[in-house]
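Worksheet: the structure to be examined is printed underneath.
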Amino acid sequence: MTSFAKAGTDSAPGAQPAAGVAFDVQDVTLRFGGVTSLNHVSLQMRRGEILAVIGPNGAGKTSLFNSLTGVYAPQEGRITLQAREGDEPVSVIGMKVHKVNHLGVARTFQNIRLFPALTAIENVKIGIETRQKSGPVSAMLGLPWQRREEHASTKRALELLSFVGLAHRANDIAGSLAYGEQRRLEIARAMGTNPSVLLLDEPAAGTNPVEKRELADLIKRINVEDGVSVLLIEHDMKLVMSIADRLVVLNFGQKIAEGTPEQIQRDPAVIAAYLGTTDEDAAKAELEAQPELRRIELLTDEERERENEGETL
Amino acid sequence: MNPALAFLRSDSGKRLGACLGLGVALALMTGATGRQDDYLYAIKEDLFTFHLIENLLIGVVVWLLFTFWPVIRRYLTRPGALGLLAGAMTVIVAQTVLGWYEPEDAKFSGLATLVGDTNGISALSSAFFGWLAWAQLIAVIVVGAAALVLRNRALFWVGAAMAVAAAIIASQAHKKVDELAGVVDHATGVTVAVWGYLTIAVALAIAAISTDDVARTREFVNAVLGWRPGFALGAAATALALYSLGVSSWFAPKSLNATLADVHSLFKGTSLAPIAVQYFIWLSWALVIVAGALVLVAAYFRSIILGIVGAAAAAVGLVITMISIHAITSLAANSENTYATKGPWQNLGDGAWWTCASFLALAAAGLVVAQSALKGRSATAADAAHDPSAGPRFLYAPGATLAVLGAAAAAAIFIPPTLEPSWQTALVTSIGIYMFLAIGLNVVVGWAGLLDLGFIAFYAIGAYTTAYLVGSLPVKPPFELPVLWAIPFAIAVCLIAGVILGFPTLRLRGDYLAIVTLGFGEIVRLVAVNSNGITNGPRGTEDQVPHPVINLGFVKFTFGLDQLPYWYLLLAVMVIVIIFFRRLENSRTGRAWAAIREDEVAAQAAGINPVKYKLLAFAIGASTSGIAGVLFATNVGFFNPDNFKFEFSILVLAYVVFGGMGSLPGAIAGAAVLTWLPEFLRDQVPSEDRQMYIGAVLVIMMIFRPAGLIPAKRRATELRGHGPDSAESQAVPAGGGLGGSYA
Ligand SMILES: Nc1ncnc2c1ncn2[C@@H]1O[C@H](COP(=O)(O)OP(=O)(O)O)[C@@H](O)[C@H]1O
Ligand SMILES: [Mg+2]
């Protein structure tokens, strides 16, 4: 598996789009009938960074992911992908999903989409094997190169499973894994396609605090060790703030803020979006309905505390 | 209110009404056939005779079963109950639907009438066929049931003894009839009845010994079959071989039925090869005993070396047996004595073939011993613990696959020669060919998850391609090919046809695809019907498609009208295809299919191009079907578009679903069972009713075993939901946005 340099270290001179940009999203609008899920959104994801996308439910985060991976085709705007240094920049709008994947973009899903009746290792092998060459005839005849590929795929899958801490579950049916394990298995499958950009849609949802910490660690390692750029949707602010290099905040399909974790926490537009400014009662009601919003409040307190104690991260 | 009326209005009363209605329906179904001169004849015969009472009683029994089900169920879980039930059902089936007397083609009741009309029959036989047969069955059931209810050990033993006695009475009574008539009778009825009684006897004996409150049937079977890998198969094979050597017929031209010992005296003084002479005196026994003992001892001590030696001994036994039976049949064919046969391998009795089968199974058992000993004991426990499906555990024990394969190979190779010619025809033209088609369709439906309702079209294309290439159609090829050379061409043509059909249609979703494939199937058939100049239209092939000739230089074999060689040809090709597909299933391609079937969006996101893989499945399925088409064409010689009707596509689909979608052994078993069943029913029920019984089997199967006869592991998991943690996964809120398709 190849490793990729972190974005900070590369200094390719000014091509179009800007150097070091993996995804260049320009003025994208995505509508479903009357609903506008993405409203003139522009953002740039730099190669090598961990970019987090946050926002309340229904803000359009998943729609953004689907637009980036070719699942949805936005009506307006441009999305240019240049996953690897030196790749030809291409527009992903209207491109087939598997083609986008072959350009170096892998993803996970908000509501886990494994192949639940297959074993854990088979799930990962499926990802790995999309990069292999041997066809059905060589498989039927059991030709040597097919066997070599099969062997390589098993070996790599086991490596990936131990990388995400699931080596002991290799032969279990994916659907029988615990929730947190399924999320990590999805990451392993995505990593099997050897991506340069990894999109994670709420990878910590439904997992416990221990698992969350492990997950944060895992994402960090993917980013640093394998040099994979990570685009992360996550509601858990502690997690996000601890690993993201930059954040983009969406609300009602619009980008309302962008910046470092510190900037975002102090951004009045973000605070307004999460807490409301005009109607106190409505804000309170929303807070009750959506526990994760309460979390952001609590966690920003925590962050403040941590700042007082002095930087630990 | 009148209590009788109140009862009739209650649920129970309504149910009784329904059950009695069922009885009337049964009476009409099973009764007399109509007559031209008296339209009401059948109704009168069915409803105004004792026949109606019998069927109403069945209705009452069904009602009682329903009403007292909770109580009955408790007793059914007791040790021995299931065995008693299964055995009783077996005897009932034997005495109602099976044939009992071949010369007159009579079932039990038919033979009973014959016996009643004949003087000088032994008292035992006339009693048995008069009243004893049913009376002894009822007595055994009553005693067995009483023992179950009372949990009385002595009564269990009495029941078991009665069952054994009943078995002996049945077989003796039938034997006396055959002896009196002086005929050779291959009817299966009495044998099946005896097996039913023996099942009851074993079940009741086990119940007498057992101290359990609830039967643990599965554990019991697992314990017996998993005790020592290879032991069960080895013991069964040895027992069958000894039975064949001692009792069965070995050489049966015309009315002769010579056992092993008879064969020896029959061929005394002829120029029979010395080894064969010795074989029929003692060598056969020695071979069976040595090989059997070696394998069983090896199994007991889990010895690798002994296992291999035993397998080798069995292999030697097989070779010598085949040399010997070949020797007697060729000698008989060349001689002028009255027992002359048609040629080598002909007119052999069941015993000769069963012995061959036993040796093969014994060799497999020896290898099972060696293989499982190699894998070690630790593997057994680990595999069992990891076993994801709740199926019978012994199937996952080390060596189990090999054991099943060995037994299947023994049966597939050596049982067909013992069948009657009509069954051999059925074996080739419907069972074998449809197994082949089911294997092909399983790729499309089972693995790739595409509903194809026009599969038979590729079979037609294969058959017509063959007919064209050998010059049997009005249009002539540039050069004519030997018929088996058509196979690669048929594969290629079907591959192309599959791609042509698939390319524009595979973007469609499931139900649309089904309709399009259905249309394709009909188009192919209609083209065949209407292009007189090319396909000779509805009249079918112009000249006969020749039978195949296999010429390997040193051996040359010409196929003819005898169906058995076609079976071996089919088997050989099928084994190759199965090996190929097994590998395919566990390869990158097979996993990609599984991924697409499970979750197409996730598969795409992982980089799989669904269109490419669906097309591949279509093409591979189509070409398999094409091979079947070649074999069909060369077997029948003449065929026409009616051989490729829409209903055959549906039938193949039913076989795949019945067997277990996505399971290779399932598709084979499903096709085998469902093509065997109509052939079997042909002799048992009025021909108009056959489809009804097959439909009933399908419905019952899908209710009680929706994943099919031999479910694919992956598919079974899909159907069952996903293991113990699935509730947990569902309990977590789905999160924001559209939780549905693309979130
Ligand atoms: N396939 C779709 N059809 C119709 N509306 C959709 C679809 N996908 C997303 N939306 C709408 O787009 C908006 C944003 O949804 P989503 O991207 O899932 O939000 P988030 O992931 O931020 O919670 C929602 O109002 C949702 O109803
Ligand atoms: Mg979402």
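This one's a predicted model, so the numbers in the text were calculated from it and none came from an experiment. Chain letters run A, B, ... following the sequence lines, proteins first and then strands; every chain starts at 1.
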*Any idea which of B:Leu584, B:Thr589, B:Asn609 has the most non-hydrogen atom pairs under 4.5 angstrom with chain A?*
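Sorted descending by pairs with chain A, the first entry is B:Asn609.
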*Using a strict 4.0 Å threshold on nitrogen-to-oxygen distance, state whether A:Glu149 and B:Arg588 make a salt bridge.*
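Salt bridge: no.
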Check [X] against [Y] and note the closest heavy-atom contact, atom names and distance.
X: B:Phe580; Y: A:Met140; answer: CD1-O, 3.3 Å
X: B:Gly607; Y: A:Arg131; answer: CA-NH1, 4.4 Å
X: B:Pro610; Y: A:His98; answer: CD-ND1, 4.1 Å
X: A:Asn101; Y: B:Ala605; answer: ND2-O, 2.7 Å

Calculate, to the nearest 0.5 Å, the distance between atoms [atom1] and [atom2] belonging to [X] and [Y] respectively.
X: B:Arg591; Y: A:Glu150; atom1: CZ; atom2: CD; result: 4.5 Å
X: A:Lys99; Y: B:Gln604; atom1: NZ; atom2: CD; result: 11.0 Å
X: B:Arg583; Y: A:Leu143; atom1: CZ; atom2: CG; result: 8.5 Å

Between [X] and chain B, with a heavy-atom cut-off of 4.5 Å, which part of the residue counts as in contact: side chain, backbone, both or neither?
X: A:Gln132; value: both
X: A:Arg147; value: side chain
X: A:Gln146; value: side chain
X: A:Leu141; value: both
X: A:Thr69; value: neither

*Sidechain-backbone polar pair: B:Asp599 side chain, A:Phe115 backbone, donor-acceptor under 3.5 Å*: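 Not a single qualifying donor-acceptor pair exists.
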_Portion of B:Ser587 that has a non-hydrogen atom of chain A nearer than 4.5 angstrom_ =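 Contact with chain A involves both backbone and side-chain atoms of B:Ser587.
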*asked:* Quick check on B:Ile608 against chain A: is it the side chain, the backbone, both or neither that has a heavy atom closer than 4.5 Å?
replied: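 Contact with chain A involves both backbone and side-chain atoms of B:Ile608.
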*asked:* Which one wins on heavy-atom pair count under 4.5 Å against chain B: A:Pro136, A:Gly127, A:Ser37, A:Ser153?
replied: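 Max contact count across the listed options: A:Pro136.
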